[in-house]
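Keep in mind that what you see is a predicted model, and the values were worked out from it rather than measured. Worth knowing before you read on, the calculation uses all heavy atoms, side chains too, and leaves out hydrogens, waters and symmetry mates. Note that ligands are numbered from 1 as they come in the structure, with each ligand's atoms numbered from 1 the same way.
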Amino acid sequence: MNNEPTTYRLPTENTEAEKGTLARAWKSLAPLMAAEKGNIAIAMIAMLFSSVATLLTPVIIGRAVDQYITHGDFRGVLISALVLFVTYLLALFTGFTQIQRMGGVGRRILFKLRNELFTKLQELPIAFFNQNKAGDLISRINNDTDKLNQFFSQALMQFVGNAFMIAGAGIFLVALNWKLGLAALVPALGVLVITQLISGWVKRKNRASLQSLGSMSAEIQESLDNFKVIVAFNRLDYFRTKFKEANDRNYVASVNAGIASNIFNPIYSFASNLGQLIVLAYGIYLIVQGQLTVGLLIGYVLYVLNFYNPLRQLATVWSSLQLALASLDRIQDVLSLSNNMPVIESEEKGDEKMLLEFKDVSFRYPEGKSVLKHVNLHLEQGKTYALVGPTGGGKTTTASLMARLYDPTEGTVYLKGKDIRSYSAQDRAKVIGFILQEPFLFSGTVRDNILYGNDKYKDLSGDALEEVLNHAHLNKLVGRFDDGLATKVSPTGTTMSLGQKQLVAFMRAVLREPELLILDEATANIDTVTEELLEETLALLPSTTTKVIIAHRLNTIESADEIFFVNGESITEAGSFDHAVEMLMHGKRQS
Ligand SMILES: Nc1ncnc2c1ncn2[C@@H]1O[C@H](COP(=O)(O)OP(=O)(O)OP(=O)(O)O)[C@@H](O)[C@H]1O
Ligand SMILES: [Mg+2]
């Protein structure tokens, strides 16, 4: 097997994808809208009614002027006013229906996209999280999806409604008097050309603004994560400067995006005024010539407004569409990634007598250096192995490959004679218990944490659990916590010492009774008395349990059946304990 380490770095610069064509927008948005067909259809029909109502009013007013007002027909005026009132009511009701329907659509799309993104994040391999900043991901899940929500709940209907109004008003304008109509439409042609020319630029500015928002939240997250270190090293000013830079960048980017989004407004206003001016001047000329009535001219001016107002709104909505598309791009950057560590069918068989086997395994981190090269390794059932070696030698990496946190770039790892890639994540977790160098605890209690993911014991009552713990000799370890099993674990795990966290992780792994137990520096932060307790517990594990222990402290590995020295891209059998010590002292590997 040969697989290049996949790069999971999300683009944080503008990419080719920013061409905001309608066709592309449609392709991205259509699947989201498919599930909401019914609601969108109802909203569309409501919108049609409200547009027709709005479009009818100028005719009604024009007629009222020509037929009733100029002839002093008061009853006719009253009836016209009543008809107008009814059309306004219709517009009110249909407008409300639109808002109500589309608001729901926006929320549901937001909800669905956030779910999809989060599910995708859970599918992605660890490499993805190594290569991307959490803050930027959070920004994609929160801000970008919300931009789409805004588009759907507000902009989409305005977009369609305005387009419809423009078309309707345009038709009325030309149909009532084609010369006057065409004259009124000339300025519109100019703004359309301008819009076409600058909309790519608008979208670019918007994307840049979203990206800078993403990197700012990444910056915030990083300094929050490292706050203790920052204070301890008195580097507040350093992070303040970095944050200020990110904030400044975001400020400039969002000012630019704001200008870009609103630049259409004055242009469209100007076109609207120009249109009205043309209609008035030309219309009065036509009246003088006897080709037009006053009522018709009033109706005309209203249609010009009905044409240009939606056009101006369309410009704003167009920016909102550009923003939504930029957001959608950033969301799809994530959604389009696929896990390069799928469960595969593999007929290849390793040595079935071995619990775990490395066959010609090479590994390097994506964008990193090579850590292992053509390594072969056999772990027998029930034996204890120690991995030793200098810092950065590759011990944690080797252990990660054993638990398939990564796939080798070359070669195969076999678990119980089968390609480790053919196990589902769940089955793999049943066989392998891994105590990480940096244990991770969830907020809750110690009890929640040690029973996490443990199907066998998760529903045990207090007494029954006590018994299990006694049996596994874990009860003394529980005694290391002030409130025993009920001890609270804070959301960030900061209320516990590192050693206590390692104890919890240790109990969690042991209670699952894995066939392979990997301890990465699991005892590095634990006092010697507690460490003896840990060893007692380990000794009580079934004799079939295979243990891989990574430790800098040599006394912890004395009892190992075999010691491996990990350094310089290779793993070497150290033979005896004394030889291992010698190798460590000299920091070199056996030839
Ligand atoms: N996520 C990563 N991306 C890129 N390189 C990495 C990553 N993790 C580790 N490395 C590199 O791989 C090498 C091996 O690291 P590893 O963590 O396996 O060492 P180790 O033997 O466990 O060290 P220690 O004793 O300090 O825990 C190091 O040079 C390290 O810089
Ligand atoms: Mg390590």
Open item on the list: I need the atoms of ligand 1 closer than 4.0 Å to a non-hydrogen atom of K369, numbered in the order shown.
Closed with: 29 (O)
TODO: Would you tell me which option among P390, G392, G389, G394 has the nearest heavy-atom contact to atom 23 (O) of ligand 1?
DONE: G392
Task: Nearest-contact summary for atom 25 (O) of ligand 1 - protein heavy atom, Å - done: K395 NZ, 2.8 Å
TODO: Among all protein heavy atoms, pick the one closest to atom 26 (O) of ligand 1 and tell me residue, atom and distance.
DONE: T391 CG2, 3.1 Å
Task: Top protein contact for atom 27 (O) of ligand 1, by heavy-atom distance - done: Q437 NE2, 2.9 Å
- [ ] Determine whether the side chains of Q150 and D146 contain a donor N or O and an acceptor N or O closer than 3.5 Å.
- [x] yes
Task: ligand 1 N/O within reach of T396 N/O, cut-off under 3.5 Å - done: yes
Open item on the list: Is it the case that the side chain of N454 and the backbone of L511 share a donor-acceptor pair, with hydrogens and angles ignored and the cut-off at 3.5 Å?
Closed with: yes
TODO: Could you tell me the residue and atom name of the protein heavy atom closest to atom 1 (N) of ligand 1, and the distance to it rounded to 0.1 Å?
DONE: N130 ND2, 3.2 Å
Task: Sub-4.0 Å protein heavy atom near atom 30 (C) of ligand 1 - done: no
Task: Side chains of D136 and S139, donor plus acceptor under 3.5 Å - done: no
Open item on the list: Check whether Y423 forms a cation-pi arrangement with K418 (NZ or CZ under 6.0 Å from the six-membered ring centre, at most 45° off the ring normal).
Closed with: yes
Task: Modelled atom types, side-chain donor and acceptor of R114 and T145, under 3.5 Å - done: yes
Open item on the list: When you measure from the Mg ion (ligand 2) to the N, O or S atoms of T391, does any of those distances fall below 2.8 Å?
Closed with: no
Open item on the list: Return the closest protein heavy atom for atom 10 (N) of ligand 1 as residue, atom name and distance.
Closed with: Y365 CE1, 3.3 Å
- [ ] Among all protein heavy atoms, pick out the one at the shortest distance from atom 18 (O) of ligand 1; state its residue, atom name and that distance to 0.1 Å.
- [x] T397 OG1, 2.4 Å
Open item on the list: Strictly distance-based, threshold 3.5 Å: is any side-chain N or O of S443 a donor or acceptor partner for the main-chain N or O of V489?
Closed with: no
Open item on the list: Would G368 count as a contact residue for ligand 1, given that I'm defining contact as a non-hydrogen atom of the residue lying under 4.0 Å from a ligand atom?
Closed with: no
Open item on the list: Please determine whether the number of non-hydrogen atoms from other residues, nucleotides or ligands lying under 6.0 Å from atom CD of E467 exceeds 12.
Closed with: no
TODO: Report yes or no: do T397 and Y365 form a side-chain donor-acceptor pair below 3.5 Å?
DONE: yes
